[in-house]
Amino acid sequence: MDNKKDIKIVGGYGHIDEKIGAKFLKPYDSVATEDKIYTLWEKSGYFNPDNLPERNKNGEPFSIVLPPPNVTGMLHMGSALMLAIEDIMVRYARMNGKNTLWLPGTDHAAIATQSVVEKDIQKKEGKSRHDIGREELLLRVDAYAKQSHDTIVRQMKKMGCSVDWSREAFTLDEKRNLSVKTAFKKMYDDGLIYRGFRVVNWDPKGQTTISDDEIEYETRKTKLYTFKYSKDIPISISTTRPETKLGDTGIAVHPDDTRYAQFIGREFKTIFAGQEISLKVIADRSVEMAFGTGALGVTPAHSQIDWEMAQRHGLPTKQVINEYAKMTVGIEGIKDKKVTEAREAVVLWLKENDLLEKEEDIEHNISLAQRTGGVVEPLPKLQWFIDVNKKFNIKDSGFTSLNKQGIVSEKEVSLKELMKGAITSGSIRIMPDRFEKVYFNWIENLRDWCISRQIWYGHRIPVWYRSAATATEIYCDINPPKGEGWKQDEDTLDTWFSSGLWTFSTLGWPEKTIDLKTFHPTTILETGSDILFFWVARMILMSTYLLNEVPFKTVYLHGLVRDAKGRKISKSLGNNVDPLDMITKYGSDAVRMSLIVGVGPGSDSKIGEDKIKAYKNFANKLWNITRFVLSSTEYTLANPFVESGSYNYNSNDNELMKIQNAMLADITVDMNNYRYYLAAEKLYHYVWHEFADKLIEDSKKIFSSDKVEEIASRKQFLFVSMCRILRALHPFMPFLTEEIWSEMPIKDKSLLMVEKWPG
RNA sequence: GCGCGGUUAGCUCAGUUGGUAGAGCAUCCCCUUGACGUGGGGAGGGUCACAGGUUCGAAUCCUGUAUCGCGCACCA
């Protein structure tokens, strides 16, 4: 179809195809190029620091762990952004001669993965997990995880990720299981992990407990009911959940509230909606006098705060709701009904008995389980916790990162203090720094971390029980206890427990490996700002506690990738863009550039096809620039160019080289300060609007003149510039630049990925 | 309630230590130029959310307001 174009070129440059290869006669073909180049990289072995050139091996270590994608499916544009940023960091470090490791892996994502598989089985076979049993379910989940894993790996290769596949890890593989058990045992022995009976967040849909951080809040309109328990009880209370009142064991008022002072200490008995209740009036400072009637019904079994209040005042606990969010007591119409139904039934009962005094509309936050969307039901349960406030002796703390916090050997600290100190001491820098405040705020409000889950997919808790005549024996260790009658805890660990160990479990801990010594603390952690608490904070906790050193020196947080209209990517909106489709259509380099340019750390971004298309055009532009440069200079594969020689530019070209040097110095500063969004934009601008539009256009005039020296100077200039542009663009557009580099007639060149950065 | 962030050209956003406002896309006009029409040249378009203040000078620093978004807490 493009006959005319070909004839024109061949007419003007009969020598072009023999000189620079026929492929430059056609537009850049990303599909034909990218897989070929990735294979070339893999074969080179350079992804693995052990195989890097000497200059790297002797260089300063640079390490990043990949935030392990969940094996629940496939990557989306957000993951693509993460991969693009990290690959830029890693390639830049490698080109700067660092001993560079980017360690990949995947996350078993316990609840998320199991619930996907469970749903599938329910849909296709109509069976629950209990119908098929623990062993069979785990086999099914493993098969699913394996398949997801392969998809993820394929996608990462398409993105051009220069990760060391030989070190790939999985949060649930055998090595990581040993790390998990080792960590658990140490914390158990130090008394930081304990088993406790208390109100926890129960997800009736997922049939498991979840941590405070796994709750999402949704504001909904609801009714606030004000009523009396009975005609004989003189205090009215307000609640949004009348059904829980069947489990009340107290009425709390503020100690300074004169309205109720006379009742403090008294006990009332009545039958409430069929349930006998006994209410002791207590005075507690956590009660707000101004809210409602200033008195509240205390439900120790079904409210976190009430539980704590009950502890303070010795009130008994009475559970009236079960694991399926159904009532276990009450009159007909309440007992065995779901809480929502029971609520209406209780209100009806109140009306019938003329006890309801007021009904008002209020806005109210309801708690939803992040993974399943189930309404969280606080329930009293025996669970495992990590104590974040308990002081313990930190041993063997020879590390400067902890010393800087003023934490030294044999000093008493709590996990909270360790987490806080890692930042306040400057041992870890969070970017953008406004997230430091968010982090501190989270620590301030942090409660003990519930780590046991009633699901099957995950690390089994390394604790065994044996019932003896008088009491139950408990045994915690890496390996099961010897002897008869021991039974392992049925529960598994919160997935974030194993993720928290990621920076060092991947490097071989608890073994003292060379990798661990070389690459830990890791240089930088790059991840989404949405998992600052889940993951970043937990890694800091685990690393400072178990290794006495920070897990990383810098945290770089990226924001959310939204669609072209600025909406969140969600299944229900159907606005998910598959990075693979975009890569097929526009090329991996174009996708990477479009995700990077203009997106600073921590800020959300929008991605639309137009933007990706613009960078596909840029890729093609560079392709054609190459054609012009190669066909206009005399360098050939038979007569290669020595890039590093010194040249005699004329004064004009010398001036241009100075401008180029300034540009490169400028973006080098940007790169060193993680301003990839600026560096990429500046390079784009220089290549297109300076190098192509001005310098190449200008060259045409020079080449058609008879000024021999000027022509020679400009040819050198163009060629040297071309090489430097490829080097500088490589971290951003690795496939295209590597492909062009392979055609450059340069003496003694390596793969571009291990060439020097031009700054 | 506490805290954080955004508000700059029609759209998406830059603007790193305060010095007469920038880019890409879109719009309009011109151009078959020795690589590229996935191209080239040019033009229009902004009282930098608003109100004060500091300063010789503020998009940039300070105070307040509005508005959108986010986090945390409350959630009887």
Side-chain angles (χ1 to χ4, degrees), chain A residues 4-5 8-9 11-13 16 20 24-25 27-28 212-213 217 219-220 222 224-226 237-242 244-245 248 251-253 286-288 291-299 303-306 309 362-367 432 434-446 529-530 532-533 559-560 562 564-566 568 586 590 594 597-600 602-608 610-611 613-632 666 669-670 673 675 677-678 681-682 684-685 688-689 692-693 696-697 699-701 703-704:
Chain A
K4 192 181 147 207
K5 222 179 281 171
K8 198 170 83 186
I9 292 156
Y13 303 86
I16 190 171
I20 59 170
F24 283 102
L25 295 175
Y28 174 58
D212 295 345
D213 296 292
Y217 299 100
T219 307
R220 286 194 194 161
T222 190
L224 180 70
Y225 303 96
T226 301
I237 61 138
S238 301
T239 184
T240 54
R241 297 198 59 188
T244 62
K245 300 296 105 184
D248 280 12
I251 296 173
V253 298
S286 68
V287 179
E288 249 182 73
F291 190 96
T293 61
L296 73 98
V298 186
T299 323
S303 153
Q304 196 89 241
I305 292 170
D306 291 8
M309 228 185 284
I362 60 161
E363 291 224 319
H364 172 86
N365 280 340
I366 62 156
S367 310
R434 62 188 149 90
F435 281 100
E436 291 188 359
K437 279 188 188 169
V438 180
Y439 176 86
F440 289 136
N441 184 248
W442 177 79
I443 291 181
E444 298 289 313
N445 294 303
L446 186 61
S529 54
D530 52 337
L532 179 63
F533 310 141
L560 231 55
R562 297 166 178 276
K565 290 174 186 164
K568 247 186 185 171
Y586 303 106
S594 66
V597 173
V599 182
S603 50
D604 290 0
S605 58
K606 293 176 195 174
I607 187 78
D610 282 354
K611 193 172 177 188
K613 203 174 153 193
Y615 290 100
K616 180 196 162 77
N617 293 350
F618 178 61
N620 194 55
K621 184 77 181 178
L622 190 69
W623 188 252
N624 286 305
I625 288 170
T626 310
R627 185 197 316 185
F628 178 84
V629 171
L630 289 184
S631 64
S632 322
D666 185 35
V669 173
D670 286 335
N673 289 287
R675 293 190 293 258
Y677 63 108
L678 284 183
E681 199 177 4
K682 285 172 185 169
Y684 173 93
H685 193 260
W688 201 314
H689 301 298
D693 290 350
I696 285 183
E697 290 307 318
S699 304
K700 291 174 185 171
K701 279 181 221 141
F703 293 159
S704 60

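A, B, ... follow the sequence lines: proteins, then strands. Residue 1 opens every chain. Heavy atoms only: backbone and side chains are in, while hydrogens, waters and symmetry mates are out.
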ask   = According to a strict under-4.0 Å criterion, is A:H685 in side-chain N/O contact with OP1 or OP2 of B:rG22?
value = no

ask   = Counting only side-chain N and O atoms of A:K621, is one of them less than 4.0 Å from OP1 or OP2 of B:rC36?
value = no

note = The salt bridge (charged side-chain N to carboxylate O under 4.0 Å, His left out) partners of A:D670 (sequence neighbours excluded) come to A:R675, A:K682

message = Rounded to whole Å, how long is the line connecting atom NZ of A:K701 with atom P of B:rA35?
response = 15 Å

Name the pairs: protein N/O against N/O of nucleotides 70-72 of chain B, kept only if under 3.5 Å.
residue	atom	partner	partner atom	Å
B:rC72	O2'	A:N441	OD1	3.2
B:rC72	O2'	A:N445	ND2	3.0

message = If I take atom OH in residue A:Y684 and atom C1' in nucleotide B:rC13, what distance separates them, rounded to the nearest angstrom?
response = 14 Å

message = Defining pairs by Watson-Crick or G-U wobble geometry with both distances under 3.5 Å, how would you list the stems of RNA chain B with at least three pairs each?
response = B:1-7 with B:66-72, B:10-13 with B:22-25, B:27-31 with B:39-43, B:49-53 with B:61-65

query = Between B:rA23 and A:W688, is there an OP1 or OP2 to side-chain N/O distance shorter than 4.0 Å?
reply = no

note = Between NZ of A:K611 and C1' of B:rC11 the distance, given in whole Å, is 13 Å

message = Under 4.0 Å from OP1 or OP2 of B:rG39: is there any side-chain N or O of A:N617 that close?
response = yes

query = Hey, does the side chain of A:K616 come within less than 4.0 Å of B:rU38's phosphate (OP1/OP2), counting only N and O?
reply = no

request  = Would you please classify the geometry between the A:Y684 ring and the A:F618 ring as parallel, tilted or perpendicular, with 30° and 60° separating the classes?
outcome  = tilted

ask   = Which nucleotide sits closest to the side chain of A:I305: B:rC75, B:rG39, B:rU16?
value = B:rC75

